[in-house]
Structure formats: C-alpha cells, structure tokens
There are 2 protein chains.
Amino acid sequence: MRILVVEDDPKISSFVKIGLESYDCTVDMAYDGTIGEKFALSRKYDVMILDVVIPGISGFELCKRIRNNNILTPVIILTSLDSVEDKLTGFECGADDYLVKPFSFQELFARIKALNRRSKEAFVSPVLKVLDLELDSITRKVRRSDREINLTATEYKILELLLSNKGRVFDRILIAEKIWGFSFNSGTNVIDVHINSLRKKIDKDFSQKLIHTKKGFGYVLSEEPQT
Amino acid sequence: MRILVVEDDPKISSFVKIGLESYDCTVDMAYDGTIGEKFALSRKYDVMILDVVIPGISGFELCKRIRNNNILTPVIILTSLDSVEDKLTGFECGADDYLVKPFSFQELFARIKALNRRSKEAFVSPVLKVLDLELDSITRKVRRSDREINLTATEYKILELLLSNKGRVFDRILIAEKIWGFSFNSGTNVIDVHINSLRKKIDKDFSQKLIHTKKGFGYVLSEEPQT
DNA sequence: CTTCAACCACCAATATTCTCATAATCGTTT
DNA sequence: AAACGATTATGAGAATATTGGTGGTTGAAG
C-alpha cells in the first residue's frame, strides 16, 4: 500500500512513517503543502494523510486541489484542530475522514484500512459469494452450504458471470457473447440446457433457489425469492 | 437518502432522526439489535448507523452479520465506547467509520455524506424514475411506492419506452414500430390491451395516474394529471 | 474403447400475447 | 343537455411463444 503523508511536525511524521512501514506500506513524506501537492498530483496513492496547519498551502486547500484534479484517492485529515467547524470544512473540501490529534496509531491504521477496503472491494474479490453459495475464482471451486460442487467448464463460466453480476438480468444473447465470445441468436437452446444442469447442481437440493427465470428476458442470479 | 438507525436511547435516536429528516432523509429506526438485523437484511439503505450497546445482539455483531450477508452499505458505529480497542473492534467488524458520543449532529451528517459520496461512485444503476415509479434496466425490476411489480416482457418494453420519454405522446404506430420493429397500422388493438394490463399493474391501486390517453393520438406517461 | 462435456431436437407444461366481442367514455353536433 | 359516432377500455378465451426437462448424437481426451 502506497501512502502520502503531508505533515510538518517531524515527530509525528516519523512516528506515522515508521508505523506504516512496519505494516509494509510505502510512505512518501512531504513537509509542506506545496511539495505535498506535487506528490499528490504526480503519483498514485492508496491513501493520503494531510495535516491542516502546514507551511505553503493548507491541508484543506490541498485537499480541494486534489479533488479538483479529479483524484479520488481517499484522504484523511489529521490535525489538532478539533472544532466542529473545522471538521465540517475538512469534509467539505472532499476529505473522507478526519482524525484529531493526539491520536492512536492503531486507530489511524484502522481508518486507513477501512477506506482502502472500500475502494478496492468493489473491484476484485477472489471469492464471489451470494447467500451460502461461494465461488472461488482462484481454486475454481464452488460450494453451497459448504458442500463442494463439481461444475463443468461451461457451467462454471455461466455461474461466474451471473454471480459477479448478482441481480442483473442477462438475456441469452448477452450470455452467449460473454461465454462463447460471439452472438448467435437462437436456433439453439444450449444456454437453457446449461442453465438446467447448473440448476440441478446448485439449486435442486435447496429450497432457497438462486437462479431465476425472467420469462421473455433471460436469467438472473438473485437471493430474493422470485416475484 | 435512506438511513437505518439502530439505537436504544430514545433521546439520541429521536435527535438523530429529526436531524436527518430535516435534510430529506428517510429514516428507519430500530431499538434493538435483532430488529435492526431484520431491517438491515431486508431493505436497502444508503447508510446504517449502529450503536454498540443495545438489547439483543450488539452493534459489533450486527455489523459483522451485515457484512457476512455481502451487504456493502456504509456503516457508522456511533457509541460512547471510546477506547482504542473498541474502535479497532468496530473497524474489524467491517464498519466504515466510528464516532464517539457525545457528538455533533453536523459532524455525523458530514461523515454520512462523505461515505455516501464514495459508495455512490462504484454503484451506478441507471434507474428511470417518475414520481414514485421506478424502472431499473439492469435488474429489470419495476417498483411503485417501493412495491415491486411484475411485468411481462411486452409490458416492460412499453413502459420503458414511455418512461424514457416522459411527457411525449406516442401514437399507436410509433409504439408498434418501437416494440415490434415494424409498423402495422390498425386492424388490431393489441397495444390498447397491453396498455390496459400495464395500467392495471401500475396505476390501478394509485390515485395519481401516470399513463394517460390522448384521445385520437395515443398514450403518454406523465406525472401531471391530464387536462 | 470408454467417458464425459457440449450441443441439439423434441415434448409437455406454462405463461404470454393476441383476437374478438362488448362495454364504457369522449367530443361533437343537434 | 341529449344524442350520436368515434374512440378507447376491458374481460375471456384462443393462439402462440417460452421454457424446463429428457434423451440422444458428436467429438475430444484419456
């Protein structure tokens, strides 16, 4: 994890730097706002930690400029300014969190992780999970209620598609495009057959069905019982 | 914005509820953890605010269960437990923020906005909406006043057409072209029949009608009662 | 040679779409 | 205001489309 710290107090900055590095983070330090801005705009970070009262431009101003440059990296304001007004200002400038000094390093790190979890999470999760159905894209294993299920390649691909877009309705053309790479419309019911065998393996023995038919449209994977 | 508040202290919960509602938020309240869980798992919120020390299951446990159910809604822990250990526990349970009582409502709301700003980015589901009627083209779900409505393929297509051109009058030939792909004029009243069944599902139980007839022309979807 | 995944063709069950006959409504003219 | 014709609404059932499921064929891998 790469982190930018903009802070002029050498004690605090080294305290933070050392702490973060002990958790395998790469830390860039800036001791004033102007230098901080150069870092912030030129490199990509996972999180930025900004003090407010620093030489050059203030942390608030810096945060604003970062957002004006369309950089969405999570920002934590870390400052001794503890009034509600200052906190509101911080959030208005586009900060994601505001932590008042003195602070516990553990709390700072927990907040960093929380922010980071959120920005990563949406993208890659090795295990897709809906209810008690799990698909591990690393080991390619599928389980329902901890019972392992053996899927063929095509079944797996279809399930992965539906599972990673839970709630989204796929029509047959779309499924064909995603699985076979081209759109052949109809003349065949391959998809129906594969869906059928998927259902046998995944839904048959469970009262809570996961694969639903949207008649006239296609199929969805959803935890809600079909309407 | 729809918010769940799980809090047993009536003073705090009404304080929060009134505050949020003055900012146009819809607030659901739960006074203990078990009821809170039911709400959290059955409805969709933009943010959930959890106290820790509540009857039934604790806020920490509740947060864990929410995450185990793959619900990514931002969670703020709001509690008087102010030790670093408790904070760490909160974040470990999957919370996004942790605010200690006593707190300023303004700060709480700023944190809600900050979380919401970020979680909105990832989640864009194009929803057509007129008044309390919503059509989600990804999940193909249609709701009126949060009540889910089941439409057939043709009904859905017609509604989508009207909804995405709210206020525009479509004559039958135009509707036929858009839905069936070619213009067959008259000799049939299929469209009337489908409009009729659409109305039964969408307008029948509501005093505010949305589908209107322009005699001699065709149909419009509009929120204004027609002249 | 055997096995198994992938695909295809078909049937029965079910849901949807459409036709048609009739009732209700609207606009216009008397 | 009443009456008329044109237009639209509606219910029922017939016609059609969609889908779940089964069994069989192909072709590739071991």
Side-chain angles (χ1 to χ4, degrees), chain A residues 140 142 149-162 169-206 209-221 226-227, chain B residues 140 142 149-162 169-206 209-222 225-227:
Chain A
R140 301 215 139 210
V142 176
I149 293 172
N150 224 353
L151 298 185
T152 69
T154 321
E155 288 159 7
Y156 180 90
K157 277 190 231 160
I158 293 177
L159 181 63
E160 188 180 39
L161 176 67
L162 295 179
V169 178
F170 286 89
D171 59 39
R172 290 177 175 68
I173 294 171
L174 203 49
I175 295 178
E177 271 173 14
K178 296 280 183 185
I179 305 297
W180 289 274
F182 60 93
S183 121
F184 66 97
N185 54 326
S186 98
T188 172
N189 71 340
V190 228
I191 294 169
D192 304 46
V193 173
H194 285 293
I195 289 282
N196 180 37
S197 42
L198 244 183
R199 275 179 163 147
K200 272 188 202 154
K201 296 181 181 178
I202 282 176
D203 274 343
K204 187 148 202 176
D205 304 335
F206 299 85
K209 308 299 180 193
L210 291 172
I211 298 174
H212 305 288
T213 307
K214 282 274 185 181
K215 195 152 182 168
F217 289 118
Y219 299 97
V220 213
L221 192 144
Q226 198 179 20
T227 52
Chain B
R140 301 224 175 219
V142 176
I149 294 172
N150 220 354
L151 298 186
T152 68
T154 320
E155 288 159 7
Y156 180 91
K157 279 190 228 156
I158 292 176
L159 181 62
E160 190 180 39
L161 176 68
L162 296 179
V169 179
F170 286 88
D171 61 40
R172 290 176 177 70
I173 294 171
L174 202 48
I175 295 178
E177 272 174 13
K178 295 282 184 184
I179 305 297
W180 289 273
F182 59 93
S183 125
F184 66 97
N185 62 320
S186 96
T188 173
N189 72 338
V190 232
I191 295 168
D192 303 46
V193 173
H194 284 295
I195 289 282
N196 182 36
S197 44
L198 242 186
R199 275 178 163 149
K200 273 190 203 153
K201 296 181 180 178
I202 281 175
D203 273 343
K204 186 148 201 178
D205 303 335
F206 298 86
K209 307 300 180 192
L210 290 172
I211 299 174
H212 305 285
T213 307
K214 282 279 187 183
K215 191 153 180 166
F217 290 108
Y219 300 97
V220 213
L221 191 145
S222 157
Q226 289 298 293
T227 53

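Computed from heavy atoms alone, side chains included, the values below leave out hydrogens, waters and symmetry copies. First the proteins, then the strands, lettered A, B, ... as listed; each starts at 1.
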Taken to the nearest whole Å, NZ/B:K201 to P/C:dA15 is 12 Å
Please state how far atom CG in B:L151 lies from atom P in C:dA15, giving the value in whole angstrom units.
16 Å
Answer whether the closest heavy-atom distance between the side chains of B:Y219 and B:I191 falls below 4.5 Å.
yes
Which residues satisfy the side-chain hydrogen bond (donor to acceptor under 3.5 Å, both in side chains) test with A:D192, sequence neighbours excluded?
A:R172
Looking only at side-chain N and O atoms, does A:T154 come under 4.0 Å of OP1 or OP2 in C:dA6?
yes
Work out how much the helix from C:dC1-D:dG30 to C:dT30-D:dA1 bends between its end axes, five pairs an end, to the nearest 10 degrees.
30°
Here the distance between atom P of C:dA6 and atom CD1 of A:I179, to the nearest Å, is 11 Å
Taking all atoms of both residues into account, what is the closest heavy-atom pair of A:V220 and A:V169, and its distance?
CG2-CG2, 3.7 Å
Taking every heavy atom of B:L198 against every heavy atom of B:I158, the minimum-distance pair comes out as CD1-CG2, 3.9 Å
Atom-to-atom span, NE2 of B:H212 to C1' of C:dC26 - whole angstrom
17 Å
Sorted by chain and number, sequence neighbours left out, side-chain hydrogen bond (donor to acceptor under 3.5 Å, both in side chains) with A:D205 holds for A:R147
Atom-to-atom span, CG of A:D171 to P of D:dT18 - whole angstrom
13 Å
Can you tell me the distance, in whole Å, between the NZ atom of A:K209 and the C1' atom of D:dG20?
13 Å
For atom CD1 of A:I158 and atom C1' of C:dA5, their distance in whole Å
13 Å
For B:K201 and B:I149 the tightest heavy-atom approach is O-CD1, 3.5 Å
Can you sort out the partners of A:Y156 under ring-ring contact (aromatic ring centres under 6.0 Å, His included), two or more places apart, ordered by chain and number?
none
Strictly under 4.0 angstrom, non-hydrogen atoms only: write out the protein contact profile of nucleotides 6-14 of chain D, one letter per nucleotide from the 5' end, B, S or -.
BBSSBB---
For C:dA6, take OP1 and OP2 only and decide whether either is under 4.0 Å from a side-chain N or O of A:W180.
no
Is it the case that over 12 heavy atoms from other parts of the model lie below 6.0 angstrom from the CZ atom of B:F217?
no
Checking B:D203 now: which residues fulfil side-chain hydrogen bond (donor to acceptor under 3.5 Å, both in side chains) with it, not counting sequence neighbours?
B:R144
For atom NE2 of B:H194 and atom P of D:dA17, their distance in whole Å:
13 Å
